[in-house]
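Notes for the one structure printed next.
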Amino acid sequence: GAGAGQSATMASSWSYDAQLAQLRSWIADPAVGIEIGEFNMNWGDEPGNNTQKQTVWVASALGAILAQGGVAFEYGDKNGAMGLTAAGGTPKASFWGIGMFTGASMFRHFGTTMVQTTSGDPAIRAYASTDEKNIVLVNTGQDAVRTKVAMRGVVAGTARVWQSTALTPADRGNATISGGAVQVDLPALSVTTLLISHAAAQTTTTTAAATTTTAAAPSTTAVPPTTA
């Protein structure tokens, strides 16, 4: 995140990718875990706190940490600036950033095993899990994007769409998976969680590694599991 009086950039949320990869390269024993003991967008009452920007930043940062095999603790207490909840337990922006992975008791939790994802648009961050087939798409940019998410091992089915555009997630209904892909609209500064449900007859079919496009040319590829 950023220091006092500074406005955190979205790029700082995915800096964990390179930082944790380098840290891992310094540790000889792969059994040694990596923990981010405290993270948040800022550490004081800076601009953007408790806004949708913070929800997006936290989701992006958490996804980057998990993708590198790390675990993390969000810095949060019941203070006005950085709390996960306000007085009375009202969820704040960072709570919803984490909630797009946990489900926040609204929808299915992200799985415990992640799979590889790629994105052709640097503003779109994609994270996917296999045991619970969830995909989290984080649009860190200022422009709305329609993206095509291609999947390996899923040919047909539905994706339940939950989306945070103004803190609390909303249920956007089902999107159809056809030909191993699904089209999704990602508003600016949004976090979208797809709950994948695929036809049992297709669960062992593997499609080619996907290259996908959106209306604005970026690509997003999510690679869920090849088996049920």
Side-chain angles (χ1 to χ4, degrees), residues 9-11 13-14 17 48 51-64 67 93 96-97 99-101 103-104 106-108 110 114-130 132-199 202 205 207-225:
T9 64
M10 280 298 164
S13 69
W14 59 79
D17 279 328
T51 68
Q52 181 65 15
K53 177 182 178 181
Q54 188 173 21
T55 297
V56 172
W57 192 99
V58 167
S60 177
L62 180 58
W96 294 119
M100 297 307 289
F101 286 87
M106 300 174 70
F107 53 88
R108 188 175 70 199
F110 197 75
M114 294 186 75
V115 293
Q116 183 180 6
T117 61
T118 61
S119 173
D121 182 345
I124 306 299
R125 314 291 295 175
Y127 308 102
S129 63
T130 177
E132 296 290 358
K133 298 173 180 62
N134 287 15
I135 301 171
V136 178
L137 302 170
V138 187
N139 184 0
T140 65
Q142 298 294 326
D143 297 316
V145 174
R146 169 165 286 185
T147 191
K148 181 181 180 182
V149 181
M151 291 167 273
R152 180 177 297 157
V154 177
V155 175
T158 60
R160 192 73 173 188
V161 181
W162 284 84
Q163 200 163 69
S164 169
T165 58
L167 304 187
T168 308
D171 184 353
R172 305 297 190 198
N174 288 329
T176 300
I177 301 169
S178 178
V182 61
Q183 295 259 8
V184 185
D185 290 319
L186 307 178
L189 286 179
S190 66
V191 188
T192 301
T193 300
L194 306 180
L195 312 180
I196 306 301
S197 176
H198 55 92
Q202 303 289 354
T205 301
T207 61
T211 301
T212 63
T213 58
T214 69
S219 64
T220 301
T221 302
V223 188

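Along the sequence shown, the residues carry numbers beginning at 1.
Looking only at side-chain heavy atoms (C-beta outward), Arg172 and Val184 stay at 4.5 Å or farther from each other. At a threshold of 4.5 Å between non-hydrogen side-chain atoms, the residues Arg152 and Val115 do not count as touching. Between Val182 and Thr176 the shortest side-chain heavy-atom distance does not fall below 4.5 Å. Inter-residue side-chain proximity for Tyr127 and Leu62 is flagged as unmet; no heavy-atom pair is nearer than 4.5 Å.
A distance of 10.5 Å separates CG of Asp171 from CD of Gln163, quoted to the nearest 0.5 Å. Here CG of Leu186 is found 12.0 Å from CG of Asp143. Values are rounded to the nearest 0.5 Å. Interatomic distance, CD1 of Ile124 versus OG1 of Thr117, reported as 12.0 Å (0.5 Å rounding). One finds the CG atom of Leu137 at 11.0 Å from the CG atom of Asp121 (value rounded to the nearest 0.5 Å). The CD1 atom of Ile135 sits 9.0 Å away from the CZ atom of Phe110 when rounded to the nearest 0.5 Å. How far CG of Asn134 is from CZ of Arg160: 13.5 Å, rounded to the nearest 0.5 Å.
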Item to complete: Give the intermediate values and the outcome of side-chain contact (heavy atoms from CB on, under 4.5 Å) for residues Trp57 and Met10.
Response: CA-CA 6 Å; Trp57 192 99; Met10 280 298 164; 4.2 Å; yes

Worksheet item: Going through the distances and angles, do Val161 and Asn174 end up as a side-chain contact (heavy atoms from CB on, under 4.5 Å)?
Response: CA-CA 6 Å; Val161 181; Asn174 288 329; over 6 Å; no

Item to complete: Any chance you could lay out the side-chain hydrogen bond (donor to acceptor under 3.5 Å, both in side chains) test for Gln52 and Ser164, step after step, and finish with the verdict?
Response: CA-CA 8 Å; Gln52 181 65 15; Ser164 169; 3.3 Å; yes

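In terms of heavy-atom proximity, Lys148 sits nearest to Ala181 at CE-CB, 3.5 Å. Thr130 approaches Lys133 most closely through the heavy-atom pair O-CG, 3.2 Å. In terms of heavy-atom proximity, Leu189 sits nearest to Gln142 at CD1-NE2, 3.8 Å. The shortest heavy-atom contact between Ala175 and Gln183 is CB-O, 4.2 Å.
The closest donor-acceptor contact from the side chain of Thr55 to the backbone of Trp96 lies at 3.5 Å or more, if one exists at all. Distance alone, capped at 3.5 Å, is enough to place a donor-acceptor pair between the Thr193 side chain and the Met100 backbone. Between the side chain of Ser13 and the main chain of Ser60, no donor-acceptor pair closer than 3.5 Å is present.
Each of Thr140, Asn139, Asp17 was compared with Arg125 under the side-chain hydrogen bond (donor to acceptor under 3.5 Å, both in side chains) criterion, and only Asp17 meets it.
The ring-ring contact (aromatic ring centres under 6.0 Å, His included) analysis of residues 149-169, with sequence neighbours excluded, yields the pairs Phe107-Trp162.
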